[in-house]
A.B. asks: 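Dumping the structure here so I can ask a few things about it.
What you see is a predicted model; the values in this text were computed from it and never measured. The sequence lines fix the lettering, A, B, ..., with proteins before strands; numbering per chain opens at 1.
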There are 2 protein chains.
Amino acid sequence: MRTLAEENYLKAIYNLSQNETGATASKLSEKLNVKLPTINSMVNKLADKELVEYKKYKGFILTEKGKKQALEVIRKHRLTELFLVKIMGFGWEEVHDIAEEVEHIKSPLFFEKMDLILSNPKYDPHGAPIPDKNGKLPKTNLKLLSNIEIGKTVRFVAVSDSSSDFLSYLSRVGISLYSSIEIIDREVFDGLLKIKVNNITTTLSGQVAEKILVE
Amino acid sequence: MRTLAEENYLKAIYNLSQNETGATASKLSEKLNVKLPTINSMVNKLADKELVEYKKYKGFILTEKGKKQALEVIRKHRLTELFLVKIMGFGWEEVHDIAEEVEHIKSPLFFEKMDLILSNPKYDPHGAPIPDKNGKLPKTNLKLLSNIEIGKTVRFVAVSDSSSDFLSYLSRVGISLYSSIEIIDREVFDGLLKIKVNNITTTLSGQVAEKILVE
DNA sequence: TATATTTGTTAGATAAGTCTAACAAATTAT
DNA sequence: ATAATTTGTTAGACTTATCTAACAAATATA
Ligand SMILES: [Mn+2]
Ligand SMILES: [Mn+2]
Ligand SMILES: [Mn+2]
Ligand SMILES: [Mn+2]
């Protein structure tokens, strides 16, 4: 049986390895709020179970088996988030923490029912793709809002931060998923961005623009 | 923080102490599928936390504090079961095991939303009352079908066993919650019961009749 | 290159929850 | 009343997941 802790490690390693920087012990430590030696012993355990490949002092990556298991948990997480928003009426900024718990429910039936009720959904409320039953993910080719040239208009399709603070901020300034965003101007010094959304002009900081994924 | 194991013990102790026999170590052991020494050490821990009152070799009972916590978990369990049936379309025989997991979700918001969606429900799909936010339960005065006199007609309002096996059996023989049941005859030797439900005559064993609560 | 800083590892401790083996108390049967 | 059986307790071990303290390797800085 896979434990709750193991599931969280697998998921975190998967998510970290999507970045160019890859999964290192210190990054995991920060992400999971767990001290380095704990990461060390846990990653060793996962390596024994052949879920991660691990060389001392080098980073680590998921094996195929590990990736498959990580994607199972990610599927549960994202299905849950969508269910919470669509069926239970939660706001997109409220669901991540709840899903962080619900994703560990073992019952496959529970999630199959969600999938059925939501008619095989492809994306969660933050625009992230929901892996299918076999762990397949659609290839997406998203860009950061912070990298789009001035003058272009793009579609906001996902966020890379699902924290309540960030999402509430976006809602507050009137930016919601699938909005069209026109890049009016960008300050070279700090990336401060002037955009137009729904005919309203707003200014976003560089940090915020880096968390907004567009196509 | 209350752990998952603690929550299961509190709930089991509460349920056992509803029977005349009360909560003993061996009954808990059987109910939770855990060996006796484990029960012993856990009950000692709960006593330290002032959740149960405990005298060596005598049984144990929940303190007010313990009862309140048990009822919180029971509320989550029963709300979940009803949500699964009413909103997610599960059958009444499928929900107990799932609820056994979901009841441990910490997020209060999650259950408040269920309560809202279900409009403050009073009973779960097995006829058991759902404690309100303060742990209050309606007084019910139910009888066992096995004790009803011949000739009477009663209303089936709850079961005392939510196992899939038992509930599937009831569905199979066409007995559903809130049916009217007429007692046609009872065999003195073994309690074998002849009843009429929806104008169909059926025979139930004594064991089954003891798990059916009526008014 | 030598030193300082960051990152990773080992050792050892702790808490939660479980187990088996051995024993003791209470209850039931003879 | 004694013996047998059931029920409860203690002792000690194990696993999982975490921590701190001490140390080692790798990387960055001077
Ligand atoms: Mn999320
Ligand atoms: Mn989680
Ligand atoms: Mn139940
Ligand atoms: Mn449970």
A.B. asks: When the distance from CG of Asn40(A) to C1' of dT9(C) is rounded to whole Å, what number comes out?
C.D. replies: 5 Å
A.B. asks: Are more than 12 heavy atoms from other residues, nucleotides or ligands located less than 6.0 Å from atom CD of Glu64(A)?
C.D. replies: no
A.B. asks: Would Glu72(A) and Lys68(A) pass as an ion pair if we require N to O under 4.0 Å?
C.D. replies: yes
A.B. asks: Without decimals, in angstroms, what is the distance between Asn8(A) CG and dT16(D) C1'?
C.D. replies: 14 Å
A.B. asks: Distance check needed: dG8(D) C1' versus Lys55(B) NZ, whole Å only.
C.D. replies: 17 Å
A.B. asks: Rounding to a whole Å, what distance do you find between Glu7(A):CD and dA17(D):C1'?
C.D. replies: 15 Å
A.B. asks: In whole angstroms, how far is the P atom of dT6(C) from the NZ atom of Lys27(A)?
C.D. replies: 16 Å
A.B. asks: Grab the CG-P distance between Leu36(A) and dT6(C) for me, whole Å please.
C.D. replies: 13 Å
A.B. asks: Sequence neighbours left out, cut at 3.5 Å: what donor-acceptor pairs do the side chains of residues 125-133 of chain B make with other protein atoms?
C.D. replies:
unit_1    : atom_1 : unit_2    : atom_2 : d
His126(B) : ND1    : Glu81(B)  : OE1    : 3.0
His126(B) : ND1    : Ser162(B) : OG     : 3.4
His126(B) : NE2    : Trp92(B)  : O      : 2.8
Asp132(B) : OD1    : Asn134(B) : N      : 2.7
Asp132(B) : OD1    : Gly135(B) : N      : 3.1
Asp132(B) : OD1    : Lys136(B) : N      : 2.9
Lys133(B) : NZ     : Asp115(B) : OD2    : 3.1

A.B. asks: Check the distance between dT9(D)'s C1' and Phe60(B)'s CZ and give it to me in whole angstrom.
C.D. replies: 13 Å
A.B. asks: Counting only side-chain nitrogens and oxygens, does Tyr57(A) get under 4.0 Å of the OP1 or OP2 atom of dT10(C)?
C.D. replies: no
A.B. asks: Check Arg172(A) with Glu93(A), please: is the shortest side-chain N to carboxylate O separation under 4.0 Å?
C.D. replies: no
A.B. asks: Provide a list of protein-nucleic acid N or O atom pairs under 3.5 angstrom, restricted to nucleotides 15-18 of chain C.
C.D. replies:
unit_1  : atom_1 : unit_2  : atom_2 : d
dG17(C) : OP1    : Thr3(B) : OG1    : 2.3
dT18(C) : OP2    : Tyr9(B) : OH     : 3.1

A.B. asks: Within the 3.5 Å criterion, strictly below it, is a donor on His104(B) or Asn8(B) matched to an acceptor on the partner's side chain?
C.D. replies: yes
A.B. asks: If you look only at pairs with a residue in residues 18-43 of chain A, which of them pass as a salt bridge (charged side-chain N to carboxylate O under 4.0 Å, His left out), with sequence neighbours excluded?
C.D. replies: none
A.B. asks: Which listed nucleotide (dT10(D), dG8(D), dT7(C)) is nearest to the side chain of Ser26(A)?
C.D. replies: dT7(C)
A.B. asks: Rounded to whole angstrom units, what separation is found between the CG atom of Asn44(A) and the C1' atom of dT18(D)?
C.D. replies: 15 Å
A.B. asks: On the nucleotide dA26(D), are OP1 or OP2 found under 4.0 Å from the side-chain N or O atoms that Lys58(A) carries?
C.D. replies: no
A.B. asks: Are Glu7(A) and Lys11(A) ion-paired here, with the side-chain N under 4.0 Å from a carboxylate O?
C.D. replies: no
